[in-house]
Novice: 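First the structure, which I've put down as structure tokens, then a few questions once you've had a look.
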Amino acid sequence: MKIATWNINGIKARLDTTLGWLREAEPDVVCLQEIKSVDEGFPVDPFESLGYNVATHGQKGFNGVAILSKRPLEDPKRGLDGAPDDEQARYLEGVISTDAGVVRVASIYLPNGNPVESDKFAYKLAWADRLIRRAEELLALEEPVVLAGDYNVIPDPIDAKRPEAWVNDALFQPESRAFYRRLQALGYTDAVRATTDAACYTFWDYQAGAWQKDNGIRIDHMLLSPQAADRLEAVTIERDVRGRDKPSDHVPVVATLSV
DNA sequence: ATGGTGGCTGTGCCA
């Protein structure tokens, strides 16, 4: 099974770009972030025409996540527990059954958190704590679990072309990096780092020629429970997608699992 | 170099 995660930066502006990559890569499951659409506004039909079931958790204007899956998404869960007044749409989880078993998938859009001195950074860390609690609950199920999404965390200096440029940014704060390590200490595996030690990026800013200079960062991650890590066969970062027409500023990350 | 670009919104906010 090919499972992908991709921050598309707006489904309306990215519809053709997204459909084009789906036709070519033919992933079984795609976790989308930043759909920037309410559920009723998401263009379901073209994805269903490609054979996908569509589940969304959207909001007006910003944020919003979705899961596309060739098989039905069972038991969908929208949002994380622990903050009933939080209206930001950043988490969608569900179960996919195959002939070889089940896999639980979550589409995650962790808050950016900039600027660090603002309440946005506190919100980021609080949201990360709520994700840790969910991740702990999921580990207890002893299922293959894939926590996929835009984490807005640069884990290590190797994950940025110019790490010195990010030292005051929320994405590279010690607290943000500690959260990411804590997830791994619980037992989750960084799928990219399970397959390579090389520098590789998933995001290049639209500004200042970042793509042309390869001034990128690795912030889109797939974290695997032990049962999922045991089934990991391959991981790719679809870097060339960034150089196409009307690109998102992020590219897809794809993991192949033997489920 | 306190800019730069892009999406969605609504005359600015967010990334």
Side-chain angles (χ1 to χ4, degrees), chain A residues 5-21 30-44 46-47 56-66 79 86-92 107-128 131 148-155 159-173 175-177 179-180 201-221 238-239 241-253:
Chain A
T5 181
W6 192 9
N7 179 325
I8 52 170
N9 190 19
I11 187 58
K12 295 176 195 69
R14 212 70 61 213
L15 184 58
D16 290 341
T17 305
T18 306
L19 293 169
W21 182 75
V30 188
C31 298
L32 299 176
Q33 298 87 39
E34 282 206 271
I35 63 171
K36 295 187 174 181
S37 166
V38 293
D39 293 335
E40 315 82 74
F42 193 96
V44 170
F47 294 100
T56 60
H57 180 40
Q59 68 177 92
K60 189 177 180 183
F62 310 111
N63 307 324
V65 290
D86 184 359
E87 293 180 348
Q88 298 194 30
R90 298 178 174 277
Y91 186 88
L92 174 61
S107 183
I108 291 164
Y109 181 45
L110 206 125
N112 174 293
N114 278 305
V116 172
E117 303 75 23
S118 73
D119 55 3
K120 291 180 183 177
F121 188 58
Y123 174 71
K124 174 180 192 151
L125 298 180
W127 201 95
L131 178 60
D150 176 359
Y151 280 72
N152 272 311
V153 174
I154 301 167
D159 298 309
K161 176 78 163 191
R162 301 183 60 235
E164 70 278 10
W166 297 92
V167 292
N168 294 317
D169 196 285
L171 279 58
F172 198 46
Q173 288 309 292
E175 296 93 330
S176 305
R177 298 175 60 194
F179 147 74
Y180 196 74
Y201 313 129
T202 66
F203 168 93
W204 296 260
D205 202 297
Y206 288 122
Q207 303 178 73
W211 167 243
Q212 289 75 13
K213 297 175 194 166
D214 193 27
N215 181 15
I217 51 177
R218 189 174 74 94
I219 56 175
D220 299 273
H221 306 301
E238 304 279 306
R239 190 187 151 89
V241 170
R242 183 64 178 81
R244 299 183 186 177
D245 288 340
K246 289 269 292 176
S248 170
D249 40 7
H250 299 249
V251 298
V253 180

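Letters A, B, ... are given to chains in the order of the sequence lines, protein chains preceding strands, and every chain is numbered from 1. Just the heavy atoms: all of them, side chains too, but no hydrogens, waters or symmetry mates, feed the values below.
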Novice: When the P atoms of B/dT2 and B/dG12 are compared, how many Å lie between them, rounded to an integer?
Specialist: 22 Å

Novice: With P as the reference atom in both, quote the distance from B/dG7 to B/dG3 in angstrom, rounded to an integer.
Specialist: 22 Å

Novice: How many Å lie between CD on A/Gln212 and P on B/dG4, as a whole number?
Specialist: 17 Å

Novice: Output the rounded distance in Å from CG (A/Leu15) to P (B/dG6).
Specialist: 19 Å

Novice: Grab the CG-P distance between A/Asn112 and B/dC13 for me, whole Å please.
Specialist: 16 Å

Novice: To the nearest Å, give me how far apart OH (A/Tyr206) and P (B/dC14) are.
Specialist: 18 Å

Novice: Just jot down the ring-ring contact (aromatic ring centres under 6.0 Å, His included) partners of A/Tyr180, sequence neighbours excluded, or say none.
Specialist: A/Tyr151, A/His221

Novice: Starting from the 5' end of DNA chain B, give me the residue, A/Asp249 or A/Ala208, whose nearest nucleotide shows up first.
Specialist: A/Ala208

Novice: Using a 3.5 Å distance criterion without hydrogens, assess whether the side chain of A/Ser248 forms a donor-acceptor pair with backbone atoms of A/Asn7.
Specialist: yes

Novice: Identify, with sequence neighbours excluded, every residue that meets side chain to side chain contact (heavy atoms under 4.5 Å, CB included) alongside A/Pro111.
Specialist: A/Arg90, A/Tyr123, A/Lys124, A/Trp127

Novice: By nearest heavy atom, map A/Pro247 and A/Gln88 onto DNA chain B; which one lands nearer the 5' end?
Specialist: A/Pro247

Novice: Checking A/Gln207 now: which residues fulfil side chain to side chain contact (heavy atoms under 4.5 Å, CB included) with it, not counting sequence neighbours?
Specialist: A/Asp205

Novice: What's the spacing between A/Trp21 CH2 and A/Arg244 CZ if we round to 0.5 Å?
Specialist: 9.5 Å

Novice: In whole Å, I'd like the distance from the CG atom of A/Asp169 to the P atom of B/dT2.
Specialist: 19 Å

Novice: Rounding to the closest angstrom, what is the interatomic distance between B/dT5 and B/dT9 at atom P?
Specialist: 22 Å

Novice: What interatomic distance, in whole Å, is found between C1' of B/dA1 and the corresponding atom of B/dT11?
Specialist: 28 Å

Novice: Whole Å only: how far is the CH2 atom of A/Trp204 from the P atom of B/dA15?
Specialist: 21 Å

Novice: Starting at CG of A/Asn7 and ending at P of B/dA15, how long is that distance when rounded to a whole Å?
Specialist: 11 Å

Novice: Does a side-chain N or O of A/Lys246 approach OP1 or OP2 of B/dG6 to a distance below 4.0 Å, or not?
Specialist: no

Novice: Just call it for A/Phe203: base, sugar-phosphate, or nothing, with non-hydrogen atoms closer than 4.0 Å on any strand.
Specialist: nothing

Novice: What is the distance, rounded to the nearest whole Å, between atom CD of A/Gln207 and atom P of B/dG7?
Specialist: 13 Å

Novice: Which whole number of Å gives the distance between the P atom of B/dG10 and that of B/dG6?
Specialist: 22 Å

Novice: Run the ring-ring contact (aromatic ring centres under 6.0 Å, His included) test against A/Phe203 and tell me which residues pass, sequence neighbours left out.
Specialist: A/His250

Novice: Only counting residues at least two apart or in another chain, list the ones meeting ring-ring contact (aromatic ring centres under 6.0 Å, His included) with A/Trp166.
Specialist: none

Novice: Polar atoms only, N or O, under 3.5 Å: list the protein pairs with nucleotides 8-12 of chain B and their distances.
Specialist:
none

